[in-house]
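A quick write-up on the structure given underneath.
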Amino acid sequence: FSLLLLLVERDTIHLAISVVIALKILVCNISCFYMIKKLFKNMNSLLSVSLALLYGFSAYGLIFYQITAWIDVMYMLPLVVIGLINLFEKDNPKMYIITLALSLYFNFYLSLMVIIWIFLLSGLFIYIYKKKDLSKKILSLGISTVLSIGSSLLIILPTYKQISISARLSSGFNSLLNS
């Protein structure tokens, strides 16, 4: 959505940024609604819409009004969850790989937190599916996550190189890990 700003005249950029932010928040609501409908098929539509609006307009989401690139990860998270469920239930990792890779492309800072959250959520799925070919599911999760991270190295490595030569990272990789 941020690329839409390239189509706007310079004197109206402040209005276009507000429109892009509104679009991103709208997509947050839609992706959360889609996830709720996929996970809870019998849930009342009014409740589904209410929960999706609570997600999109949460304080967590609204604080990203200042850092608009972080909203992209917020609307990708429900799609990553659906992909994770597809990986565990249908042995189909395609959506998980694509959505996690896109999330990493959009913003790898927050996506690393998403990956940590995925492994915590996967612990719950492993507990639920403990009798259904567990080793194959864990292997599929690991390979799919590595593929997503590997495809995002096109973004992460140049960004790390730029950070490492800047004043933000004066003493190398150890200070990045400790900061």
Side-chain angles (χ1 to χ4, degrees), residues 1-5 7-8 12-130 132 137-138 140-141 144-145 148-149 151-152 155-156 159:
F1 290 106
S2 297
L3 293 176
L4 292 174
L5 297 176
L7 304 173
V8 176
T12 60
I13 198 83
H14 63 286
L15 298 173
I17 289 172
S18 295
V19 170
V20 166
I21 291 170
L23 283 173
K24 288 181 178 187
I25 291 174
L26 177 68
V27 172
C28 284
N29 294 326
I30 292 170
S31 69
C32 185
F33 179 76
Y34 176 69
M35 180 190 73
I36 291 169
K37 281 303 197 181
K38 277 290 240 195
L39 295 178
F40 310 105
K41 293 177 179 21
N42 297 328
M43 184 179 284
N44 182 346
S45 291
L46 182 61
L47 182 58
S48 299
V49 168
S50 300
L51 290 173
L53 288 173
L54 284 172
Y55 177 75
F57 292 107
S58 65
Y60 180 77
L62 293 178
I63 201 162
F64 290 153
Y65 186 80
Q66 300 297 319
I67 308 171
T68 61
W70 289 7
I71 300 173
D72 298 330
V73 175
M74 195 172 158
Y75 65 73
M76 290 304 294
L77 180 61
L79 301 176
V80 171
V81 170
I82 292 170
L84 185 63
I85 290 170
N86 286 342
L87 185 141
F88 275 97
E89 287 184 355
K90 301 174 184 173
D91 293 325
N92 184 0
K94 290 178 194 172
M95 184 174 181
Y96 174 74
I97 293 170
I98 291 168
T99 55
L100 183 58
L102 284 174
S103 182
L104 285 160
Y105 284 139
F106 293 154
N107 190 307
F108 72 89
Y109 291 124
L110 284 180
S111 295
L112 293 176
M113 295 300 122
V114 168
I115 290 172
I116 291 169
W117 183 82
I118 285 168
F119 283 107
L120 293 174
L121 182 63
S122 296
L124 177 65
F125 285 144
I126 288 168
Y127 178 75
I128 291 170
Y129 298 107
K130 61 185 170 189
K132 298 180 182 177
K137 293 182 187 312
I138 293 172
S140 179
L141 173 67
S144 300
T145 304
S148 296
I149 293 171
S151 68
S152 68
I155 301 294
I156 293 173
T159 305

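As a basis for the values below, the full set of heavy atoms in this structure was taken, side chains included, without hydrogen atoms, waters or symmetry mates.
Rounding to the nearest 0.5 Å places CZ of Phe57 at 5.0 Å from CG of Asn29. Remark: Met35 CE to Ser48 OG distance equals 10.5 Å, nearest 0.5 Å. The distance from atom CG of Leu5 to atom OG1 of Thr12, rounded to the nearest 0.5 Å, is 9.5 Å. The structure places CZ of Phe106 at 12.5 Å from CD1 of Ile71, a figure rounded to the nearest 0.5 Å. With rounding to the nearest 0.5 Å, the separation of OG in Ser18 from NE2 in His14 is 7.5 Å. Going from atom CD1 of Ile85 over to atom CG of Leu39 covers 4.0 Å, rounded to the nearest 0.5 Å.
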#### Entry: Residues Val8, Leu15; criterion side-chain contact (heavy atoms from CB on, under 4.5 Å); working and verdict
CA-CA 9 Å; Val8 176; Leu15 298 173; over 6 Å; no

### Test log, rule side-chain contact (heavy atoms from CB on, under 4.5 Å), inputs Ser122 and Lys137
CA-CA 10 Å; Ser122 296; Lys137 293 182 187 312; over 6 Å; no

### Query
Can Asn107 and Val73 be said to form a side-chain contact (heavy atoms from CB on, under 4.5 Å), step by step?
CA-CA 7 Å; Asn107 190 307; Val73 175; 3.7 Å; yes

### Task
Check step by step if side-chain contact (heavy atoms from CB on, under 4.5 Å) holds for Ile36 and Tyr55.
CA-CA 11 Å; Ile36 291 169; Tyr55 177 75; over 6 Å; no

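When the shell of 6.0 Å around NZ of Lys37 is examined, it contains more than 12 heavy atoms from other residues, nucleotides or ligands.
In plain terms, the two heavy atoms of Thr99 and Met76 that are nearest each other are O-CE, 3.4 Å.
When each of Leu104, Leu100, Ile98 is paired with Leu102, the side chain to side chain contact (heavy atoms under 4.5 Å, CB included) condition holds for Ile98 and for no other. Of the candidates Val49, Leu53, Leu47, Leu47 is the only one forming a side chain to side chain contact (heavy atoms under 4.5 Å, CB included) with Leu51.
At distances below 3.5 Å, at least one donor-acceptor pair connects side-chain atoms of Ser31 with backbone N or O atoms of Tyr75. Distance alone, capped at 3.5 Å, places no donor-acceptor pair between the Ser144 side chain and the Leu141 backbone. With hydrogens and angles disregarded, a donor-acceptor distance shorter than 3.5 Å links the side chain of Ser148 to the backbone of Ile97. Without hydrogens or angle criteria, Tyr105 side chain to Ser151 main chain gives a donor-acceptor distance under 3.5 Å. Proximity of a side-chain donor or acceptor of Lys90 to a complementary backbone N or O of Leu87 within less than 3.5 Å is not detected.
Between the side chains of Thr145 and Tyr96, at least one donor N or O sits under 3.5 Å from an acceptor N or O.
Under the 4.5 Å side-chain criterion, counting only non-hydrogen atoms from C-beta, Ile138 is not in contact with Phe88.
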